[in-house]
Amino acid sequence: MEMRKLLEDSGHYLMNTYNRFPVVLRKGRGMKVWSADGKEYLDFLGGVAVNCLGHCHPKVVIAVQKQAQRLIHVSNYFHIEPQIKLARLLVEHSFADKAFFCNSGAEAVEAAIKLARKYFRDQGQNRYEIITALNSFHGRTLAALSATGQDKFKTGFEPLVPGFKHVEFNNIEAIEKAVTRETCAVMLEPIQGEGGVRVPDPDYLSGVRALCDRHGILLILDEVQTGIGRTGKFFAYEQFGITPDIMTLAKGLGGGLPIGAMLATDYVASAFKPGTHASTFGGNPLVCAAAVAAVEVILEDGFILDQCCRMGAYLRARLEDLKKEFPSLIIEIRGMGLLVGMELTRDGAPFVRACLERGILINYTAGNVLRFLPPLIVTEKEIDHLADVLEEVFDRI
Ligand SMILES: *Cc1c(COP(=O)(O)O)cnc(C)c1O
């Protein structure tokens with residue numbers, strides 16, 4: 001169908017929940033995507049940190065094709081081969097002992113909240129309150145939204161789920177003050193993604209870990225955006241020398257397919273028993289086969305993680321050059337690995353739009369932070385091209 005007609009139908013038939021660009025994307029390969037009218041784009045957004053291996057990675061495509069021919073769905077009343085394989089892979093490469101699968105980041109967060117509450121209720125303790133950070137993002141379902149520390153997402157949906165307290169990010173004392181006898185957990189993103197790519201001080205998370213241990217409360221890390229190699233380690237917590245009790249994953253996990261996971265240590269995970277939590281589609285054979293393929297590629301020889309570290313450093317260096325060139329426009333470059341933000345003195349929208357017109361996909365968050373989340377396979381040449389386009393755009397606007 002012609003692009004103009006598609007855009008017209010999109011407006012007619014879809015709920016208006018996104019500020020979409022007037023582009024229909026039809027095909028992708030590696031770092032590139034093509035629109036229905038044949039224009040080529042370099043994808044520095046990567047489906048918002050989902051396309052960790054780029055578009056249509058051959059190993060993911062083959063895994064999906066094979067699994068689709070074999071078995072697409074059965075219920076969790078049966079054991080599922082690719083689900084077992086994926087759980088084993090994640091457990092063997094993380095702090096965790098057990099995995100639970102669902103279909104999105106928000107659902108993984110919901111599962112984490114329920115597990116933390118259940119863990120204490122099983123011990124006869126009335127601890128249910130979770131401390132989260134201001135400026136955080138944990139998803140759009142009601143409890144995940146209630147956990148989120150940004151009013152703009154919550155207004156109009158009250159009453160929210162009770163039991164969440166929000167404190168300043170990167171401030172251990174603020175957490176200390178918020179702990180009560182009802183606190184069951186602290187939940188944080190290791191690096192705040194939607195909140196504007198905010199990296200905490202190197203000793204923040206270890207301080208929070210120690211605080212949680214002192215008070216006997218759980219540490220939940222929401223690695224939906226930071227996990228699966230995004231920061232240059234398989235999980236971001238490895239960058240900070242700590243381990244959580246519970247971790248949520250989604251975005252990059254399925255290599256493009258929709259999957260979420262909640263991982264935990266045995267002593268916490270044992271609070272979930274048959275009937276306590278479930279998901280009809282969770283851990284479905286098809287998405288798990290894709291996730292196994294994606295995870296295996298990322299962990300192979302550490303090549304992708306190395307590439308992510310090197311290209312992340314290169315991208316930040318190129319953006320720092322631009323900062324020197326445009327000091328009145330660019331406030332700061334932040335990030336780790338290939339989760340990178342550029343804070344501007346102005347609204348990010350016109351710059352994102354101008355990049356789109358020049359064949360580059362990026363987005364902005366927190367109003368004025370340009371965000372770069374390219375596939376972990378991005379090359380120097382592509383980063384150079386991005387930097388050239390940004391230079392021209394900053395010159396013009
Ligand atoms: C994107 C995101 C979520 C929500 O994931 P969905 O799959 O959109 O539900 C939750 N937490 C963090 C940190 C995220 O970045």
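Whatever order the structure lists ligands and atoms in, that order sets their numbers, starting from 1.
D245 and Y119 share no donor-acceptor pair across their side chains, judged by distance under 3.5 Å alone. Counting only N and O atoms by type, the side chains of N135 and E194 include no donor and acceptor under 3.5 Å apart.
Nearest protein neighbour of atom 15 (O) of ligand 1, counting heavy atoms only, is K251 NZ, 2.6 Å. The protein non-hydrogen atom at the shortest distance from atom 11 (N) of ligand 1 is D222 OD2, 2.7 Å. In this structure, atom 9 (O) of ligand 1 lies nearest to the protein heavy atom A106 N, 2.7 Å. The shortest contact between atom 5 (O) of ligand 1 and any protein heavy atom is with G105 CA, 3.3 Å.
The CD1 atom of I113 lies 9.0 Å from the OG1 atom of T132; values are rounded to the nearest 0.5 Å.
If you look at H138 next to ligand 1, the close heavy atoms, those under 4.0 Å, all belong to the backbone.
Between H277 and F100, the ring-plane angle classifies as tilted under the 30° and 60° cut-offs.
For ligand 1, the atoms sitting less than 4.0 Å from at least one non-hydrogen atom of E189 are 13 (C), numbered in the order shown with element in parentheses. Within the listing of ligand 1, atoms 15 (O) sit less than 4.0 angstrom from a heavy atom of Q225. Ligand-side atoms of ligand 1 in range of S104: 7 (O), 9 (O), range being under 4.0 angstrom from any heavy atom.
Between R318 and D384 there is a salt bridge, since a side-chain N of the basic residue sits under 4.0 Å from a carboxylate O of the acidic one. Under 4.0 Å is where a charged nitrogen must lie from a carboxylate oxygen, and between E110 and K114 no such pair does.
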